[in-house]
2 protein chains.
Amino acid sequence: MENTAGITSERVAALLRERILSGSYADGHALRQEKLAAELGCSRIPVREAIRQLEAEGLVITIPRRGAMVAEMPVDRIRESFELRAVLEPWLLTASIPFLDEADFAAAQAVIDEMADLGFEGWGDANWRFHKALYAKCGKETAVEMLQRIHESIERYLRIHMRLTSGRDKAQTDHSLLLSLCRARDIQRATALLTTHILEVSDKLVESVEIARGLRRDEALLHPALRQNAKRTNGEH
Amino acid sequence: MENTAGITSERVAALLRERILSGSYADGHALRQEKLAAELGCSRIPVREAIRQLEAEGLVITIPRRGAMVAEMPVDRIRESFELRAVLEPWLLTASIPFLDEADFAAAQAVIDEMADLGFEGWGDANWRFHKALYAKCGKETAVEMLQRIHESIERYLRIHMRLTSGRDKAQTDHSLLLSLCRARDIQRATALLTTHILEVSDKLVESVEIARGLRRDEALLHPALRQNAKRTNGEH
DNA sequence: CGCATTAAAACTGTATCCAAAAATACGATG
DNA sequence: CATCGTATTTTTGGATACAGTTTTAATGCG
């Protein structure tokens, strides 16, 4: 079974990460070892190692003897993630702008074009790739990796937000304007725009997440009520 | 076979982390699964999961089919870690100072006192605990956790630096002064001092690490030469 | 001395087993 | 009828044994 390509536990981790980031596994979704092993056609050991890895990445939490589940990020943490972005990204942009060349600008523009006709699915990832393109020359790899992790951890909430608002608002125009300012090497205005861009999205997104969680809670309250009315008739699966 | 006291993978991870942070396992030290399992009295499974976890934390790197070793941080990364500290810590301090109370100051002072009669061993950890005490009220848990990880990843190089310079220089006076400024709620001067404090240590520490690595390289060049002179006489272990 | 072949070591994953803890189902009782 | 306690089932965490593969070393020959 051509398992020669790469280490299995890494592939399992990549697959689970993809499912969590994409929202395919919602917050609180339980990651059952045996089920995943059967589904992926491997034993439990690579699954367990992958779960450990994702736990260290903060995407899942494991409770001993109870298993792993997709970690739900509290709204305070979500807000804080955006605050961190608002601190770090302008810093990286400042360091990067003087060294950006035409190839970097073209790459960023290509991502903008790509995002134009993109649905909800790949939007969060493309958004990060656009921002990252502007930090290409910042010379701070560790910080970029940290930011990538931050973007990954909030990607599913960005998706929820876009699904609720059914649109990507003025992000596209923000991005285009930001790219123009970078081309003009206008660090002052570019960082100012970037900061407001990040913080604006933050407020709206937190709002959406609170609405979504409120809805989910109502649903959770509704389900037991339904179960009382229709005893034992629900299909559970 | 008292295997009732199973060693959990978390404990293995904590132990290995401790050994890496303390410098007990130097850069490049190979983490052999079977050897560790035998030493810790457990099977390879917890060891493997612990290694995956540490890999995600950036403390070790694994090369497929070759095993795991303690990750060596390039000097550029070390410098970058301090740059990140210089950006994030003043930010946290600014957010925290207005809300610090006497208990927080007393805790910070206690760490300073503790550091006075402390050798190389626990100094890096205490240093972080002092800084963290000042960010107690910043309300940014994610950022604090990130910084903790940064401090952990550079702790062994701090140890190397102190061993080479055999002293903790003016860190103590810096810390005392910083605490005074925090007590006075002088955000301006406190953040300025903090920034210079971090960047000063950075330059000196990078220098020490470069010296240490230069020495180690010489040693590596010397060893094969010795082996040639005294064929087969080296005890390998 | 250099290089090719071979042997050993070490990692990766599978399968099976067991113990412990949690979840669930079930039944007794007030 | 609701609630509490017990028993069964599920799931996790780990141990053990084994096979396959790759890297490293050791050996031997020209």
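To find a chain, count down the sequence lines: A is the first, B the second, and so on, and within it residues start at 1. Side chains included, hydrogens not; waters and symmetry mates left out as well; all remaining heavy atoms used. Treat the numbers as computed from the prediction; the structure is a model and nothing was measured.
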Original post:
Under a 4.0 Å N-O cut-off, is there an ion pair linking B:Glu39 with B:Arg19?
Top reply: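 Here B:Glu39 pairs with B:Arg19 in a salt bridge, since their nearest N and O are under 4.0 Å apart.
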Original post:
Are B:Arg52 and A:Glu10 close enough for a salt bridge, meaning some N to O gap below 4.0 Å?
Top reply: yes
Within this structure, what is the [atom1]-to-[atom2] distance between [X] and [N], rounded to whole angstrom?
X       : N      : atom1 : atom2 : value
A:Glu34 : D:dT10 : CD    : C1'   : 9 Å
B:Glu10 : D:dG13 : CD    : P     : 9 Å
A:Arg32 : D:dG13 : CZ    : P     : 12 Å

Subject >> Point-to-point distance, once rounded to the nearest 0.5 Å, from NZ of B:Lys132 to CG of B:Leu92 >> reply: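 Spacing of NZ (B:Lys132) from CG (B:Leu92) equals 12.5 Å.
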**OP:** Quick one: sort the A:Tyr25 and A:His29 rings into parallel, tilted or perpendicular, breaks at 30° and 60°.
**Re:** parallel
Original post:
Which one, D:dG20, C:dG13, D:dT23, comes nearest to the side chain of B:Arg65?
Top reply: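 Looking only at heavy atoms from C-beta outward on B:Arg65, the closest nucleotide is D:dG20.
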Presence of [X] side-chain N/O under 4.0 Å of [N] phosphate oxygens OP1/OP2:
X       : N      : answer
A:Ser9  : C:dT12 : no
A:Gln33 : D:dG13 : yes
B:Arg66 : D:dT24 : yes

Subject >> All side chain to side chain donor-acceptor pair (under 3.5 Å) counterparts of B:Glu210, not counting sequence neighbours >> reply: none
Original post:
Just by distance, do the side chain of A:Ser202 and the backbone of A:Ile198 share a donor-acceptor pair under 3.5 Å?
Top reply: no
**OP:** Check DNA chain C against residues 38-56 of chain A and give the residues with a non-hydrogen atom under 4.0 Å, in numerical order.
**Re:** A:Cys42, A:Ser43, A:Ile45, A:Pro46
Original post:
With a non-hydrogen cut-off below 4.0 angstrom, is B:Thr62 in contact with a base, only sugar-phosphate, or nothing?
Top reply: nothing
